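Before any comments, here is the structure.
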Amino acid sequence: MKKGKAAAVILVLALTVACAFLAVNYLGDYLKLGLDLKGGVQIRLQAVGESSEKDIEKVMEIMNTRINSLGVTEPVIQKEGENRVLIELPGVQDPEEAIELIGKTAQLSFRTYDDEGKETVVLDGSHLQSATEAIQRGDTYQSGTGVGNTYVVQLAFDDEGKKTFADVTAELVEKHPDITAASAYANNDFRRHIAIYLDEEIISFPYVTSAITTGDPVITGFSSLEEAHQLAILLESGALPVPVQIVEKRTIGPTLGADSIAKSQVAGIVGLGLVILFMLVVYRVPGVIAGFSLVMYTVLLLGAMALIGATLTMPGILGVILSIGMCINSNIIIYERLKEELAKGRSLRASINAGFDRALWTIIDSNVTTLIAAAVLFWKGTGSIRGFAVTLSIGILISMFTAILYTRFLLKNTVESGLITNPKLYGAKEA
């Protein structure tokens with residue numbers, strides 16, 4: 001029986017060391033790093049004029065569609081205050097491209113001209129169902145590449161939009177049969193043209209050669225397929241419900257993030273080392289077990305964050321550090337109770353059981369109150385504050401597990417196996 005308990009203790013300690021080794025060498029590949037650690041772009045958008053909560057939610061939805069098209073992983077898009085949206089793009093390769101794409105409001109409109117040159121909006125982007133870039137070869141459209149081809153964006157409208165577009169083009173051809181493309185430019189007579197506007201900027205100005213009965217127009221005039229793709233993204237994601245402006249933009253280099261990670265690693269190793277040394281000097285054998293408990297806690301915490309896909313930021317690292325403090329605090333409470341029981345003259349085994357029983361509710365109370373505070377931070381906070389709350393909450397739950405189950409298992413089995421049974425090595429004072 002004693003040999004079995006001793007073997008269990010040795011096995012658990014070996015597994016702890018093995019888990020720590022794997023975490024150090026492999027876990028980093030699965031952890032998501034935030035903007036402040038990985039580098040990237042941070043942009044704040046603000047609605048111009050009146051906006052509702054629904055408008056801001058729609059802006060966030062559209063921005064998410066646009067950013068996904070850039071291939072950015074783990075973007076952060078969240079509301080700030082009443083009329084702002086914070087966007088963080090970790091590891092983005094082309095910051096200027098991202099900023100330009102995000103800043104577009106993508107308000108599409110089709111306009112005709114009367115005899116006096118006055119514009120009239122005949123169709124807007126609300127009827128647009130899809131926009132797809134393509135390469136025109138003769139009368140066909142293909143998605144491949146080639147030299148000497150025409151790059152276009154194919155538009156598809158809903159039934160109402162198709163009918164409107166077909167009616168408008170038919171009317172232009174019928175009313176102005178004598179206006180040719182050449183004469184239109186020669187005489188500045190564009191009554192047979194349809195101007196396509198994006199954000200009050202003309203992006204295409206096609207001459208209507210014949211009625212487009214299908215109601216699905218094509219935008220031409222692009223120099224590359226990528227340029228057509230960018231416009232298709234803007235149109236596909238939809239027009240923003242309200243105009244927005246970029247009020248702040250920051251580019252964080254990966255060098256700064258790498259420096260933060262390196263310093264955090266050094267600080268973590270030094271901090272853990274000092275804590276383990278303190279526990280060893282003050283509590284002896286329980287201090288050694290606390291050190292293993294702390295290592296297992298750290299491995300479980302980082303593993304849990306990788307598993308749920310949490311993004312690790314500098315505030316998140318602060319949450320990890322604080323929860324480490326909570327973990328070691330739970331061990332200190334238990335060990336102080338153990339020393340009190342030993343001082344009363346109780347046996348080592350009885351003192352361990354009594355110490356854990358007396359410390360249990362104190363640990364639960366202190367951790368639950370901290371969890372409540374973390375829940376409030378997550379509820380009311382934004383961005384990095386939420387990241388801090390998430391890591392703190394996960395850390396507290398894992399610290400309760402390691403203190404109540406892991407530490408107790410090792411401490412009890414170390415004594416019951418007969419490996420170390422001298423009460424002085426558990427904090428008992430000499431008689």
Side-chain angles (χ1 to χ4, degrees), residues 1-20 271-301 304 322-371 394-431:
M1 183 67 176
K2 290 185 176 181
K3 288 183 179 180
K5 290 182 179 295
V9 171
I10 294 171
L11 178 61
V12 169
L13 295 180
L15 287 174
T16 302
V17 173
C19 289
L272 280 173
L274 290 175
V275 168
I276 291 173
L277 179 61
F278 168 81
M279 296 296 290
L280 178 61
V281 171
V282 175
Y283 297 105
R284 301 162 196 174
V285 171
V288 174
I289 293 175
F292 279 98
S293 177
L294 202 54
V295 171
M296 177 55 75
Y297 160 81
T298 305
V299 171
L300 290 175
L301 175 59
L322 182 56
S323 59
I324 286 176
M326 297 291 293
C327 177
I328 208 65
N329 179 65
S330 298
N331 282 274
I332 289 174
I333 293 173
I334 293 169
Y335 297 159
E336 287 298 323
R337 296 289 188 270
L338 170 60
K339 289 170 67 176
E340 290 175 3
E341 296 299 321
L342 288 172
K344 294 177 182 179
R346 303 184 69 174
S347 68
L348 188 54
R349 183 181 299 183
S351 297
I352 290 174
N353 289 330
F356 274 95
D357 292 341
R358 290 183 57 195
L360 177 61
W361 287 109
T362 303
I363 294 171
I364 291 176
D365 287 345
S366 62
N367 282 288
V368 167
T369 54
T370 309
L371 278 175
I394 296 173
I396 289 171
L397 294 173
I398 295 176
S399 73
M400 292 177 66
F401 165 79
T402 54
I404 296 172
L405 297 178
Y406 181 89
T407 301
R408 183 168 189 166
F409 174 84
L410 286 180
L411 200 57
K412 284 187 65 177
N413 281 277
T414 299
V415 173
E416 293 176 0
S417 66
L419 287 174
I420 304 174
T421 57
N422 188 342
K424 295 178 183 178
L425 297 178
Y426 292 83
K429 296 180 180 179
E430 294 187 19

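From a predicted model like this one, the values you see are computed outputs, not experimental measurements.
Judged purely by atom type and a 3.5 angstrom limit, S293 has no side-chain atom pairing as donor or acceptor with the backbone of I289. For Y335 (side chain) and P286 (main-chain N/O), a donor-acceptor pair under 3.5 Å exists by modelled atom type.
When all heavy atoms are compared, the tightest approach of I394 to A304 is CG2-CB, 3.9 Å. Between L348 and T421, the closest heavy-atom pair is CD2-O, 3.7 Å. Minimum interatomic distance between A403 and I334 (heavy atoms only, all atoms of both residues): O-CD1, 3.7 Å.
For Y426, there are no side-chain hydrogen bond (donor to acceptor under 3.5 Å, both in side chains) partners, not counting sequence neighbours. A search for ring-ring contact (aromatic ring centres under 6.0 Å, His included) contacts involving Y297 returns nothing, not counting sequence neighbours. In terms of the ring-ring contact (aromatic ring centres under 6.0 Å, His included) criterion, F292 has no residue partners (sequence neighbours excluded). Legend: residues meeting side-chain hydrogen bond (donor to acceptor under 3.5 Å, both in side chains) with S399, ordered by chain and number and at least two apart, are absent.
In summary, of the residues considered (V299, L300, T298), a side chain to side chain contact (heavy atoms under 4.5 Å, CB included) with I398 occurs for L300 alone.
Here I396 contributes atom CD1 and T370 contributes atom OG1; the two are 4.5 Å apart, rounded to the nearest 0.5 Å. One finds the CG atom of L425 at 12.0 Å from the OG1 atom of T414 (value rounded to the nearest 0.5 Å). Summarising the geometry, atom CD1 belonging to I333 is positioned 6.0 Å from atom OG1 belonging to T362; distances are rounded to the nearest 0.5 Å. Between N329 atom CG and N367 atom CG the span is 8.0 Å, to the nearest 0.5 Å. To the nearest 0.5 Å, atom OG1 of residue T369 and atom CD1 of residue I364 are 12.0 Å apart. For the atom pair CG of L419 and CG of N413, the computed distance is 9.5 Å after rounding to the nearest 0.5 Å.
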List, one per line, each side-chain donor-acceptor pair under 3.5 Å for residues 272-284, sequence neighbours excluded.
| residue | atom | partner | partner atom | Å |
| --- | --- | --- | --- | --- |
| Y283 | OH | E336 | OE2 | 2.5 |
| R284 | NH1 | K424 | O | 2.4 |

Can you give the donor-acceptor pairs under 3.5 Å from side chains of residues 351-360 to other protein atoms, not counting sequence neighbours?
| residue | atom | partner | partner atom | Å |
| --- | --- | --- | --- | --- |
| S351 | OG | S347 | O | 2.7 |
| N353 | ND2 | R349 | O | 3.4 |
| R358 | NH1 | E340 | OE1 | 3.1 |
| R358 | NH1 | E341 | OE2 | 2.8 |
| R358 | NH2 | E340 | OE1 | 3.2 |

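Counting heavy atoms from C-beta outward, N422 and V285 have side chains that stay 4.5 Å or more apart.
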